[in-house]
Colleague: 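Just passing along the structure, written as structure tokens.
Order of the sequence lines fixes the chain letters, A, B, ..., with proteins taken first and strands second; residue numbering starts at 1 for each chain. Not measured: the values here are computed from a predicted model.
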Number of protein chains: 2
Amino acid sequence: MTTAVMNAGFATEANPPHRKPHIDREDIMAAAITLIGPHRSVSTLSLREVARAAGIAPNSFYRHFRDIDELAVALIDRAGGTLRTVIREARNRATNAPSIIRSSIDAFMEQLEAEEQLLHVLLCEGSVGSDAYKQAVDQVLTHFESELHEDLIRLSTEAEAPLHRADLVAKAITRLVFAMGGTALDKGPEEKEAIAEQMMVMVLFLMEGSEAVCKQQTSSNS
Amino acid sequence: MTTAVMNAGFATEANPPHRKPHIDREDIMAAAITLIGPHRSVSTLSLREVARAAGIAPNSFYRHFRDIDELAVALIDRAGGTLRTVIREARNRATNAPSIIRSSIDAFMEQLEAEEQLLHVLLCEGSVGSDAYKQAVDQVLTHFESELHEDLIRLSTEAEAPLHRADLVAKAITRLVFAMGGTALDKGPEEKEAIAEQMMVMVLFLMEGSEAVCKQQTSSNS
DNA sequence: CAATTGTCTATACATGTGTATAATAAGCCC
DNA sequence: GGGCTTATTATACACATGTATAGACAATTG
């Protein structure tokens, strides 16, 4: 095992390094995530700062991302993707409607705890930053909405409890959960728990309300 | 009328100016608002930039605000205040519950059109910036919630249609309207109209849902 | 092993930032 | 008007940022 191999991957203070053999987008994204916190939004990260955190020269950044905005979009997409799969898995484990709501929201909050920094990108800055940035967030939200919409339709037909404007129910739930999640980010665990409870009641209201309006309309149309 | 009087208040290119007789917090806030737009959030404004827009020297800023954050907080408070009075007025003109919802949301959207830049501060950056900043936004939201909460209780007792967890209904409505309003900001007039319609349906769902849950609980408790 | 290519780094520059200091003009009271 | 306080400005400094350029190393070819 040569020293070259030993030095591979980490350039500590000890070795005179001046070189990092391989960098990929992952390293940079990971470094960027560590910088994100309650006081740093991804839209205020500077290229140099990210490069510094990643232990690379500022210019090396350009080999992997054209912009800092491109980095932000990559982070947004990742956050949206992981969050969606986590929730989908939770949803698949549940069966009836109430437990689906509960387990989905629980999964959301757990993921929020596990990858707080990453989700910060999604939840806290929906409308700040470049166009590409905002568009990426919007796309994630829309994706969530349509998935939820399908679920709602499936569930309501199964339960024979039809919904009025299921699309708007999905949109409202998505926006509400994301907004509430954003405020839950810096809070402590017990407060997060309380917020999760609130979310569930709110979602319940939306679904019950949609059902009620549906009933009202069909009865008045008969 | 001396030239000194003539020069008062405006230092154009023409006069050798080098002086501005009096500066207000108002002037600075107004200048900051002009800088805010779809691509500039208040948290990315620089002191120098605001000073430049206000036509004053960078250091003069300090005589009126300690920070740029203090400016931001002042803008947030103002946005919250004006929005609240506008909505309250609209609400006072209406009488029954449905028309209150409609007129409140209409007032919200009109205000959003009229002072788009100012409201941007409130709607688009709830969780980005300094602590003082976030706290100010949160305070405005909470204030809205409690006012709405009172209204809901009053209306529901008048209509003899009690609500379950009226506090959460108020919170959900507030968060939802603000979230939707934030996405409506850069959109065109017809899209704003559509969003307003969506808001009303969502709010209706929340209230009907809360009523429905209330009925369910009282019937099961009897 | 030697040459080449692609990647990372060092240095540098112009620009923008927050703020300290000192000077200057306005407003005001006597 | 003369002197005082206060508000505004000009100049300056140290620092951070994005990026251009050129050089140095690693890996990959032949």
Side-chain angles (χ1 to χ4, degrees), chain A residues 1-13 15-32 35 39-72 129-130 132-133, chain B residues 1-13 15-32 35 39-72 129-130 132-133:
Chain A
M1 184 182 281
T2 69
T3 61
V5 172
M6 291 194 62
N7 284 348
F10 49 92
T12 62
E13 305 264 6
N15 45 21
H18 281 347
R19 189 65 183 193
K20 194 165 237 182
H22 202 55
I23 304 175
D24 54 356
R25 295 171 65 115
E26 290 305 319
D27 300 329
I28 298 179
M29 288 173 73
L35 291 175
H39 295 284
R40 297 303 313 271
S41 79
V42 79
S43 46
T44 69
L45 290 183
S46 79
L47 186 152
R48 284 182 113 107
E49 199 174 4
V50 173
R52 212 177 303 133
I56 64 175
N59 265 324
S60 299
F61 185 92
Y62 292 122
R63 298 279 159 188
H64 305 277
F65 297 97
R66 197 163 47 78
D67 262 336
I68 200 98
D69 277 332
E70 195 172 297
L71 208 208
S130 69
Y133 190 116
Chain B
M1 186 180 284
T2 69
T3 61
V5 172
M6 290 195 63
N7 285 348
F10 50 91
T12 61
E13 305 265 7
N15 44 20
H18 282 343
R19 191 63 186 201
K20 194 165 237 183
H22 204 54
I23 303 177
D24 249 9
R25 287 171 68 107
E26 290 305 318
D27 300 331
I28 298 179
M29 290 175 71
L35 292 175
H39 296 283
R40 296 302 313 271
S41 78
V42 80
S43 47
T44 69
L45 290 182
S46 79
L47 186 154
R48 285 182 114 106
E49 198 174 5
V50 173
R52 211 177 304 135
I56 65 174
N59 264 323
S60 299
F61 184 92
Y62 292 121
R63 298 280 159 187
H64 306 275
F65 298 96
R66 197 162 47 78
D67 263 335
I68 201 99
D69 277 332
E70 194 172 299
L71 208 208
S130 69
Y133 191 114

Colleague: In whole angstrom, give the distance that lies between atom NE2 of B:H22 and atom P of D:dT9.
Modeller: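 Computing the B:H22:NE2 to D:dT9:P distance gives 12 Å.
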Colleague: Report the distance from atom OH of A:Y62 to atom P of C:dA10, rounded to the nearest whole Å.
Modeller: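 In whole Å, C:dA10 P and A:Y62 OH are 16 Å from each other.
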Colleague: How close or far is atom C1' of C:dT7 from atom CZ of A:F61, stated in whole angstroms?
Modeller: 16 Å
Colleague: Measure the distance from CG on A:L71 to C1' on D:dG18 and round it to the nearest whole Å.
Modeller: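 Rounded to the whole Å, the gap is 15 Å.
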Colleague: Can you tell which of D:dA10, D:dT19, C:dT17 lies closest to the side chain of B:R52?
Modeller: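 So the side chain of B:R52 is nearest to C:dT17.
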Colleague: What integer distance in Å separates A:D24:CG from C:dT7:P?
Modeller: 13 Å
Colleague: Which nucleotide, D:dT17, C:dG18, D:dT9, lies nearest any side-chain atom of B:I23?
Modeller: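 Within the option list, the nearest is D:dT9.
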Colleague: Are any of A:R63's side-chain N or O atoms less than 4.0 Å away from OP1 or OP2 of D:dT19?
Modeller: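 The answer is no; no side-chain N or O of A:R63 sits under 4.0 Å from OP1 or OP2.
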Colleague: Kindly indicate whether the side chain of B:N59 and the base of C:dT21 share any N or O donor-acceptor pair separated by less than 3.5 Å?
Modeller: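 Check passes, donor-acceptor contact within cut-off.
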Colleague: I need the minimum non-hydrogen distance between A:F61 and A:I56, along with the two atoms involved.
Modeller: N-CD1, 4.1 Å
Colleague: How long is the line joining CZ of B:R40 and C1' of C:dG16, in whole Å?
Modeller: 12 Å
Colleague: Mind calculating the distance between CG (B:L47) and P (C:dT17) to the nearest angstrom?
Modeller: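 Roughly 9 Å, once rounded to whole Å.
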Colleague: Measure the distance from NE2 on B:H64 to C1' on D:dT6 and round it to the nearest whole Å.
Modeller: 11 Å
Colleague: Would you find a donor on one side and an acceptor on the other, under 3.5 Å apart, between the side chain of A:R25 and the backbone of A:M29?
Modeller: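 No, the answer is negative, given that no donor and acceptor are paired below the 3.5 Å cut-off.
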Colleague: May I ask you to decide if B:T44's main-chain N or O and B:R40's side chain share a donor-acceptor pair within less than 3.5 Å?
Modeller: yes
Colleague: Of the candidate nucleotides C:dT17, D:dT8, C:dT9, which contains the atom at the shortest distance from the side chain of B:S60?
Modeller: D:dT8
Colleague: Which nucleotide, C:dT9, C:dG18, D:dT19, lies nearest any side-chain atom of A:A57?
Modeller: C:dT9
Colleague: For A:P58 and A:L47, work out which heavy atoms get closest and say how close.
Modeller: O-CD2, 3.4 Å
Colleague: Does a nitrogen or oxygen in the side chain of A:S46 sit under 4.0 Å from OP1 or OP2 of D:dT17?
Modeller: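 Result: yes.
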Colleague: How long is the span from the CG atom in A:D24 to the NE2 atom in A:H64, to the nearest 0.5 Å?
Modeller: 7.5 Å
